[in-house]
Amino acid sequence: MDKTYKYLLSDLNNLKGVGLKTSNLLKRKKIFNIFDLLWRLPKSYTDRSESTKIKDLKIGETHTITLVPFKYNFPRVRNLPNRISCRDDTGELDCIFFNSYEGYIKKILPLNKEVTISGKISLYKNKYQLTNPKYISEDASLIRDKHNKYSLTDGISEKVYNKIINQILTNIPKLNEWHENRILKKFNNISWNESLIELHKPDNIGKYNSNFYKRLAYDEIFASFLVHSQIRKKIKKIKKKRKVFSLDNQNSILNKLNFKLTNDQLKSLNEINEDLRSNQKMFRLLQGDVGSGKTIVALSSANNVIRSGFQVAVMAPTEILARQHYSLAKKIYDKDINIDMLSSKTDPKTKRIILKKIATNKTDIVFGTHSIFQKKVFFKKLGLIIIDEQHKFGVNQRKKLSDKGGDNCDVLLMSATPIPRTLTMTIYGDMDLSIIKEKPNYRKEVKTYTKIENKIDEITRFIKKEIKDGNQIFWVCPLIEESKKLDHASAVSKYEYLKKRFPNQVALLHGKTDINQKEIILNKFLNNKYKILVSTTIIEVGIDFPNANVIIIENANKFGLSQLHQLRGRVGRGKKQSTCILMFKSTLTENAKKRLNILKSSTDGFKIAEEDMKLRGFGDILGFKQSGVKIYRLADPVHNEDLFRLAELQIKQMEMNNEDISKYKILMKLYDQADVINEII
Ligand code: ADP
Ligand code: MG
C-alpha cells in the first residue's frame with residue numbers, strides 16, 4: 001500500500017511553524033492531525049492583488065503598495081514605536097512597529113530595497129502610516145494575491161494560519177485514485193489532490209456545485225458507507241446455529257391480541273424470522289414511528305427464538321419501559337414460558353435466584369435495563385438480544401453489542417426515531433433494516449393546535465373539561481438555553497401555577513428528580529393517581545400511557561419538528577381523540593408557521609424528519625450531534641442528495657458482486673471517524 005497518505009494522518013507538530021502552543025490550540029478545536037485541518041475552509045478572503053501608489057491611498061482602507069524604505073528610526077525610549085520611513089515615486093509613508101525587534105525589522109524592510117507591503121492605512125500627524133503590517137515581502141507576487149480568511153482559532157493569526165495551510169497544500173501527497181472511472185467521470189475526472197487545492201482557493205469559496213467540491217463530498221459519503229458495509233459484512237460472516245421453529249406458536253400469540261397486525265408489522269416479522277432461521281447472524285434494526293407497534297413484533301420473534309430452544313434478553317432504556325414489556329409478555333406468552341425481570345429494585349435474594357435460572361437456561365426471556373448485560377449475568381444459551389429505543393447508540397457501541405452475545409446470538413435493535421432516507425446509510429448502514437411505516441388503523445390522528453402564551457386561561461379551561469372526561473395531561477416545559485438550572489425552574493414554576501388550579505392532581509418531574517422518585521411518580525401517573533404531569537423532556541418515548549390524551553408543549557419553537565413529533569407521540573395511543581397544543585411566547589414568524597404547518601398536516605415521522613432536515617440542516621435533528629454519530633465535514637444530505645444515492649447504489653453493487661475493496665483502504669483509513677477500521681480490514 002502506498003504509504004504517502006501517512007503524512008496526512010501525522011501530528012500537527014510535524015508542520016513547519018507549528019509548535020506545541022499552536023498544535024494545542026488546534027487540538028482544542030478537535031483538529032488532531034493534518035487531515036483534520038484540510039476541512040477547515042476559508043470563509044472569505046482579502047484581496048491584496050491591486051497595488052496603489054502612495055498619492056492615491058485612502059485612509060481606513062486596505063492597500064497594497066510597492067515602496068522603498070529609506071530611513072530607520074528606532075527610539076531608545078520604551079513604549080515609543082519603531083518607525084521606518086518609506087517612499088515611492090509619488091509620496092512617503094511610515095511603517096510603524098510596536099514590540100518588534102530591530103533585527104527583525106531590518107530583515108523584512110532592508111533600506112533601499114523595493115518591498116511590497118499590504119495593510120490598513122491610517123493618518124498620523126498628516127502622514128500616511130501603516131501600523132504593524134503583516135504582509136511584507138520583496139517578492140511582490142506573494143503579497144499581491146487574494147488571502148484567505150478563516151474563522152480563526154484564538155491565538156493563531158491569519159498569516160500563520162495561511163502559512164500552515166499553504167504548507168499542507170504544497171505537500172499533499174498524490175494518492176492513487178480509489179474510484180472507478182465510471183464514478184470519476186461524474187466529477188470530470190478531478191483527482192482528490194487537485195480537488196483539495198481547488199477547495200482552498202479564495203475564488204472557489206462557496207462553490208458547492210463544482211466538481212472538486214462534489215468529488216470530495218462523495219469521497220466522504222462513500223467512505224462512511226463503505227465502512228458500515230464492511231462491518232455488516234464482517235458480522236454476516238459469522239456462522240450461527242439456525243433457529244428452528246414452527247409458526248403455530250406465533251399464530252397462537254397473535255390470536256390472543258384484540259387486533260390484527262398491520263402489513264408492515266407482518267412484513268417486519270417475516271424478515272426477522274427469516275434472519276433467525278438462516279445461518280448468518282442477524283444484526284437488524286426495526287425502525288418505526290412512535291406507536292407503530294414494534295413491541296409486538298419483537299415479542300413474537302422472541303417467542304420463536306424461545307421455541308427454538310434459546311434464551312432472549314430484552315433491554316429497555318428505563319425500568320418502567322422494561323416493566324411494560326415484561327407485563328405484556330406475561331399476558332401474551334403461553335404459560336410454559338419462563339419470564340423474568342431484573343431491575344435495580346430486585347432484592348438480592350430474588351436476584352440471585354434469577355441469575356441462577358438464567359445461567360441454567362431455566363429462564364427463557366429476561367427483561368431489564370442495561371443491568372442485564374452486566375458481567376455477572378451469564379446466559380446459558382442466549383439466542384437473541386433485543387434493545388428497545390436506542391437510536392443514540394453509535395456504530396462502535398452497536399458493534400460491541402453484537403460481539404457480546406456470542407456467535408449464536410442474533411441482535412434486534414428498535415428505534416422510534418424516523419430519520420430522513422438519505423441518512424439511513426449514514427446512521428444505520430451497518431445493519432439490515434425493517435421499517436414499519438403504517439400505523440394501526442383504528443388510531444385517530446392527534447389534533448394539533450397552536451396557542452399564544454397569554455391565552456393560558458383557555459388552555460386551563462380545556463384541561464378542566466378533559467379531566468372531567470377522565471383524561472390525563474402531559475405538560476412539557478422546554479429546556480431554556482440548555483441550562484439545567486433554568487430548565488428546572490420553568491417546570492417548577494408551571495407546577496406551582498397548575499397546582500393552585502388543580503389541587504392534588506398535578507405531579508412534577510424534571511432533570512433533578514431522583515430515579516426512584518421518578519419511577520414512583522410515573523407509576524402513579526400511569527395508574528391515574530395524578531391528572532397532570534408537568535415535566536421537562538425527560539420522559540422517554542416508548543412508555544404506553546393509554547389514558548393520557550392531551551399534551552401541551554410550552555415554548556414550542558425551542559424544539560425541532562422531529563422532537564415535537566416525538567413528544568406528540570406520547571399521546572394518541574388509546575382509542576380516544578387526542579390533542580396536542582403548542583404554546584408560543586409571541587406571534588409566529590412566517591418560517592415558524594411554515595414549520596408548524598408541516599407538523600399539523602402530517603403524522604408521518606419520516607416525512608417530518610425529512611422536512612425538518614431541509615429547514616434546519618441535518619446536524620440538528622434529534623440531537624445526533626451530541627450522540628457521536630458522525631457528522632460530515634463537506635457533504636450535506638439535503639444539498640448532496642444525489643451523491644448519497646450514488647454512493648448507496650455503488651455500495652449495493654459492490655456488495656452484490658462481492659468486490660475486492662483493497663483499493664479503498666486508504667480512503668477508509670483517512671475518513672474513518674468511528675475508529676473501527678482496524679477491526680474490519
Ligand atoms: P412502538 O412502536 O412505539 O413501540 P408499541 O409497540 O408500544 O409502539 O404499540 C403502541 C400501541 O399500539 C400498543 O398499545 C399496542 O398494543 C398497539 N398496537 C400495536 N400493533 C397494533 C395493531 N396492529 N393494531 C392495533 N393496535 C396495535
Ligand atoms: Mg416502543
Side-chain angles (χ1 to χ4, degrees), residues 250-251 253-272 284-303 312 314-333 365 367-369 385-393 412-419 433-446 472 474 522 526 528 539-549 551 562-578 580 603-606 608-609 622:
Q250 177 174 307
N251 294 334
I253 283 188
L254 298 181
N255 287 336
K256 281 186 204 162
L257 304 174
N258 55 4
F259 53 78
K260 274 210 165 68
L261 293 195
T262 61
N263 288 330
D264 279 357
Q265 281 174 312
L266 279 172
K267 188 168 148 265
S268 302
L269 185 52
N270 286 339
E271 285 164 354
I272 296 167
R284 184 173 284 278
L285 177 78
L286 178 58
Q287 205 192 2
D289 216 340
V290 260
S292 59
K294 295 182 292 293
T295 321
I296 188 66
V297 173
L299 289 187
S300 303
S301 50
N303 182 59
V312 179
V314 183
M315 178 179 119
T318 60
E319 207 152 316
I320 291 205
L321 195 51
R323 197 162 290 283
Q324 282 202 335
H325 293 343
Y326 170 73
S327 312
L328 182 61
K330 281 263 188 202
K331 218 154 70 189
I332 60 173
Y333 282 168
I365 181 165
F367 293 84
T369 54
I385 294 174
I386 298 176
I387 311 274
D388 194 14
E389 301 297 356
Q390 276 300 2
H391 71 280
K392 289 193 173 166
F393 265 21
L412 179 67
L413 274 91
M414 293 195 272
S415 163
T417 307
I419 52 163
L433 272 191
S434 290
I435 300 183
I436 306 181
K437 285 219 157 162
E438 202 180 354
K439 298 262 175 73
N441 59 13
Y442 71 84
R443 198 158 284 158
K444 293 203 177 93
E445 294 208 340
V446 182
Q472 288 174 286
F474 286 111
L522 280 177
L526 258 175
N528 216 344
I539 309 170
E540 300 73 10
V541 285
I543 307 177
D544 219 4
F545 296 96
N547 207 41
N549 64 347
I551 184 163
S562 299
Q563 213 184 349
L564 288 174
H565 173 69
Q566 291 261 316
L567 289 170
R568 180 170 68 174
R570 281 189 204 155
V571 299
R573 287 172 168 242
K575 291 202 167 138
K576 291 195 229 168
Q577 178 60 56
S578 304
C580 169
T603 50
D604 177 347
F606 290 91
I608 290 170
L622 293 167

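For ligands, and for the atoms within them, numbers begin at 1 and follow the listed sequence. Index from 1, following the sequence. These values consider heavy atoms only, across backbone and side chains, with no hydrogens, waters or symmetry-generated copies.
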What atoms in ligand 1 come closer than 4.0 Å to a heavy atom of [X]?
{"X": "Asp544", "answer": "13 (C), 14 (O)"}
{"X": "Lys260", "answer": "22 (C), 23 (N), 24 (N)"}
{"X": "Val290", "answer": "3 (O)"}
{"X": "Thr262", "answer": "23 (N)"}

Discussion item. Can you tell me if Glu445 has over 12 outside heavy atoms packed within less than 6.0 Å of its CD?
Written reply: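 It does not: Glu445 CD has 12 such atoms or fewer within range.
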Contact check, [X] vs ligand 1, heavy-atom distance below 4.0 Å:
{"X": "Asp289", "result": "yes"}
{"X": "Gly288", "result": "no"}
{"X": "Gln324", "result": "no"}

Worksheet item: So, Glu319 versus Thr369: side-chain donor-acceptor pair below 3.5 Å or not?
Response: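 Distance-only check fails for Glu319 and Thr369.
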Discussion item. Assess, by modelled atom type and distance only, whether the side chains of Asp289 and His565 contain a donor and an acceptor separated by less than 3.5 Å.
Written reply: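 Checked: Asp289/His565 side chains pair up, N/O donor to acceptor below 3.5 Å.
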Worksheet item: Who gets closest to atom 20 (N) of ligand 1 by heavy atom: Met414, Lys439, Gln265?
Response: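 Nearest heavy atom to atom 20 (N) of ligand 1 lies in Gln265.
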Discussion item. Return the CZ to CG distance between Arg284 and Leu433, rounded to the nearest 0.5 Å.
Written reply: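 Rounded to the nearest 0.5 Å, the CZ-CG separation comes to 8.0 Å.
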Worksheet item: By salt bridge (Lys or Arg N to Asp or Glu O under 4.0 Å), which residues pair with Lys256, not counting sequence neighbours?
Response: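 Partners of Lys256 under the salt bridge (Lys or Arg N to Asp or Glu O under 4.0 Å) test: Asp334.
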Worksheet item: Who pairs with Lys267 by salt bridge (Lys or Arg N to Asp or Glu O under 4.0 Å), at least two apart in sequence or on another chain?
Response: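 Salt bridge (Lys or Arg N to Asp or Glu O under 4.0 Å) list for Lys267, sorted by chain: Glu271.
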Discussion item. Please report whether ligand 1 has a polar contact with Gly293, defined as an N or O pair separated by less than 3.5 Å (distance criterion only).
Written reply: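 Looking only at distances, the answer is yes, because the N/O contact criterion of under 3.5 Å is met.
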Item to complete: May I ask you to check if ligand 1 and Pro440 share an N or O to N or O distance below 3.5 Å?
Response: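 Between Pro440 and ligand 1, no N or O pair is found under 3.5 Å apart.
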Item to complete: Please check if the side chain of Asp544 supplies one atom and the backbone of Pro546 the other of a donor-acceptor pair under 3.5 Å.
Response: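 No, Asp544 side chain to Pro546 backbone: no donor-acceptor pair under 3.5 Å.
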Fill in: Donor-acceptor pair, side chain of Gln566 and main chain of Ala416, under 3.5 angstrom
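Here the side-chain-to-backbone pair exists.
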Worksheet item: How does Ser292 reach ligand 1, by side chain, by backbone, by both or by neither, if only non-hydrogen atoms under 4.0 Å count?
Response: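 Both the backbone and the side chain of Ser292 come within reach of ligand 1.
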Discussion item. Using a 4.0 Å heavy-atom cut-off, which part of Thr295 comes near ligand 1: side chain, backbone, both, or neither?
Written reply: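 Answer for Thr295: both.
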